Amino acid sequence: MKNNIFVIETKNTHYAMGVNDKGVLCHIHWGKKAPVCDYSVSAEWERNSNHSELDYISEEYSPFGSTRYRACAFKCEYFDKCRDTVFTFKSADEREGALDVTLEDKAYNLTVVLNYRYSKEHDIITRFVTLKNGSENAIVIDKLMTAELTLPSEDIYDITNVNGSWAGEFQLETSPFKAGSIRFETHRGTVGHVNSPFVILSKNATEDFGDVYFATLGWGGNFKMEAQRDFIGITRVTLGLNDFDFSLVLKAGGEFTTPKAYIGYTEGFAEMSNQMNDFAVNNILPKSFAKEPLPVLYNSWEATGFDVNTKGQLELAKIAADIGCELFVMDDGWFGQRKDDHAGLGDWYVNEDKFPGGLDELIDGVNALGMDFGLWFEPEMVNEDSDLYRNHPEWVYHYDTRKPNLLRNQLVLNLTMPEVQEYVFGVMDGMLSKHNIRYIKWDMNRPFSEIGAPNLENQHDIWYLHTKAVYDIADRLKEKYPYLQIEACSSGGGRAEYGALEHFDMAWTSDNTDPVDRLEIQRGFSMLYPRKSMRAWVTDWNSSSRPVSLDFRFNVSMQGSLSVGSNLLKYSDEDIDKCKHYIDFYKKIRPLVQFGKLYRLKNYQSHGMYANQYVSDDKSRSVLFICSAATSFFNRQFKTFNLKGLDENKTYRVKMHDGEIVKSGAYLMNIPLKIRLYNPLESVIWTIEEVK
Ligand code: DGJ
């Protein structure tokens with residue numbers, strides 16, 4: 001700190017802020033580095049009666065009130081009904097990798113600490129805010145964002161989020177952001193499939209070059225990212241808990257910490273994705289498995305649906321083990337009176353008709369085959385047709401005057417009630433303590449409605465408390481069973497984001513397992529989320545209407561955490577041999593895919609095909625997946641590739657699908673290689689190995 005200027009230094013960037021002569025904490029810079037002594041706060045002034053000084057200042061964290069007329073980061077109401085907040089700089093605490101800046105509203109003894117965590121390993125800054133009510137009165141907080149961001153120039157940035165749906169998650173949408181405001185958010189209680197809690201703002205950016213600013217929120221409940229471009233062309237973003245139907249009562253002496261956001265600046269999208277992949281492995285994912293490759297799993301859902309029983313599952317398990325799966329997960333259908341989706345949710349006891357004598361025969365059988373066993377739960381839900389609902393109709397969110405809306409015939413349990421939390425923890429704990437279950441798939445298949453929680457004094461708390469309860473239960477289970485891996489699922493990818501990924505080891509990406517659709521879904525996912533957390537099943541989905549070879553399906557799924565979901569009982573000997581071949585191959589390249597660098601060489605929009613190259617950190621090994629996503633023969637012209645991420649001075653052997661070459665890294669990265677795919681929906685793999 002020098003003259004109240006604070007500079008955060010990451011691997012390649014500076015993030016600078018400073019206090020002006022009125023005590024306002026102003027944003028100075030975010031991006032490439034300059035000598036620290038050059039940073040200063042520029043003076044601003046009222047230009048005319050309609051444009052105040054504050055219109056021209058970019059505050060680091062702006063409260064509602066005064067002569068500010070843009071979306072703010074913070075809004076509250078004090079005991080005397082005053083809704084105008086004045087934050088001035090109080091103090092700063094700078095330590096290795098940490099900066100905490102405290103602002104205060106002196107008149108009401110409210111302080112907000114802006115917390116920054118960073119290192120020189122990455123260009124990613126973790127941000128959160130801690131609010132402290134030092135007064136003797138309660139304060140009602142109406143808006144409390146995790147961060148406010150200011151982009152450096154008045155240029156027009158492209159803004160990217162996703163515009164998805166169930167079975168169509170992570171469809172990237174980019175548009176120039178010229179004026180007004182744009183919001184990406186959810187009101188559903190969970191993240192859902194439409195928007196994802198991130199925003200990317202880029203300028204003249206490609207995979208390799210150009211300014212890329214990104215921010216992603218670690219929160220799986222209602223979130224909001226709002227970008228605004230003002231009358232002088234400054235683009236600002238606020239992100240955090242959605243202020244829709246939000247209010248938090250901060251009691252006298254109370255303290256509240258927001259969810260975390262991860263923000264960064266990189267040159268090009270590839271660097272953004274690779275930094276976030278590495279950052280997530282080292283800093284976000286639960287420590288127990290973050291650095292371990294995830295197992296190849298088999299999941300029963302697409303093969304057997306609700307029709308699960310010991311014999312059928314063991315038949316599948318035998319083949320799953322034979323082809324090389326390391327984990328067998330039994331999905332929906334094993335509990336209560338679960339024959340279809342009309343009954344049973346909430347009754348987490350084993351259905352004895354399907355599993356006479358319990359689950360141990362199946363679990364022991366799976367273990368004897370050399371695989372771990374995993375089990376599906378949907379812990380936040382209940383069917384009306386269940387013992388749990390008959391015994392505790394008051395345990396769901398409800399209003400006495402409203403008829404509850406069922407979605408998939410189910411209601412949402414009121415997880416803000418301590419007794420419901422205990423029940424949910426208890427049933428899973430009970431199963432884990434009695435059986436050798438090492439993996440849970442935690443599903444969540446509907447958004448909230450009729451959100452009454454009579455147990456709460458402040459009803460608006462449900463959005464926050466529900467999500468927090470989910471995380472608390474997952475943490476408790478992982479603490480008690482350190483070997484347990486948990487997969488976050490919400491009708492596919494409705495919970496694939498960093499809130500969940502701080503507590504769950506991975507996420508189910510989409511219920512859509514059509515391999516061609518998956519390529520685009522996976523591209524969107526790969527932008528900011530870690531590849532190892534992307535569960536990717538090989539299935540037979542859509543196989544009659546758009547047949548795609550088993551090779552293609554494996555080539556797509558091997559680009560995440562490979563899994564199998566097909567009905568293996570129907571596979572020919574030739575198919576089984578292919579499964580063995582690809583699973584064996586995947587185990588060899590798994591560290592590259594899950595932990596290496598990813599270069600997206602081609603995508604469908606620009607080239608009618610996808611080509612993704614994964615490179616080990618030491619640049620000695622690489623694998624390239626090339627998938628023609630086009631259905632037309634017109635596409636069979638040749639394409640050219642420059643490989644990326646290799647060492648110019650090393651020599652590599654490139655094993656292509658139709659030959660082999662030995663060339664320098666410089667050659668492979670600078671001279672385009674040609675490929676012809678002769679058929680629509682064809683895919684091939686190339687491997688690139690250093691020759692010593
Ligand atoms: C939705 C999930 O996304 C599917 O994978 C499967 O687990 C079903 N629920 C089971 O009901």
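From a predicted model like this one, the values you see are computed outputs, not experimental measurements. We count ligands from 1, going down the list as the structure has it; atoms in each ligand are counted the same way.
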Relative to the heavy atoms of W508, which atoms of ligand 1 are at a distance of less than 4.0 Å? 3 (O), 5 (O)
Salt bridge (charged side-chain N to carboxylate O under 4.0 Å, His left out) between R338 and D347: does it pass, once the steps are laid out? CA-CA 9 Å; R338 189 78 164 165; D347 298 342; over 6 Å; no
Among all protein heavy atoms, pick out the one at the shortest distance from atom 11 (O) of ligand 1; state its residue, atom name and that distance to 0.1 Å. D332 OD2, 2.7 Å
I'd like to know whether ligand 1 has R408 as a neighbour, heavy-atom separation below 4.0 Å. yes
Ligand 1 and D511, any nitrogen or oxygen pair closer than 3.5 angstrom? yes
Are any of the N or O atoms of G492 closer than 3.5 Å to those of ligand 1? yes
Where on D341 is there a heavy atom closer than 4.0 Å to ligand 1, on the side chain, on the backbone, on both, or on neither? neither
Under 4.0 Å between a side-chain nitrogen and a carboxylate oxygen: does that hold for R438 and E326? no
Distance to 0.1 Å, residue and atom name: give those for the protein heavy atom nearest to atom 1 (C) of ligand 1. D443 OD2, 3.1 Å
In terms of side-chain heavy atoms, does H460 have a donor or acceptor partner in D245 at a distance below 3.5 Å? yes
Please lay out, stage by stage, how N242 and E185 fare under the test side chain to side chain donor-acceptor pair (under 3.5 Å). CA-CA 7 Å; N242 203 326; E185 61 181 339; 3.0 Å; yes
Answer with yes or no whether K441 contacts ligand 1, where contact means a heavy atom under 4.0 Å from a ligand atom. yes
Could you tell me whether the side chain of R553 and the main chain of T539 form a donor-acceptor pair under 3.5 Å? yes
Tell me yes or no: between the side chains of S526 and R531, is some donor less than 3.5 Å from an acceptor? no
Number the atoms of ligand 1 from 1 as they appear, then name those within less than 4.0 Å of a heavy atom of C489, with their elements. 2 (C), 3 (O)
So, does D332 use its side chain to make a donor-acceptor pair with the main chain of F306 at under 3.5 Å? no
Hey, is ligand 1 close enough to D331 that some N/O pair sits below 3.5 Å? yes
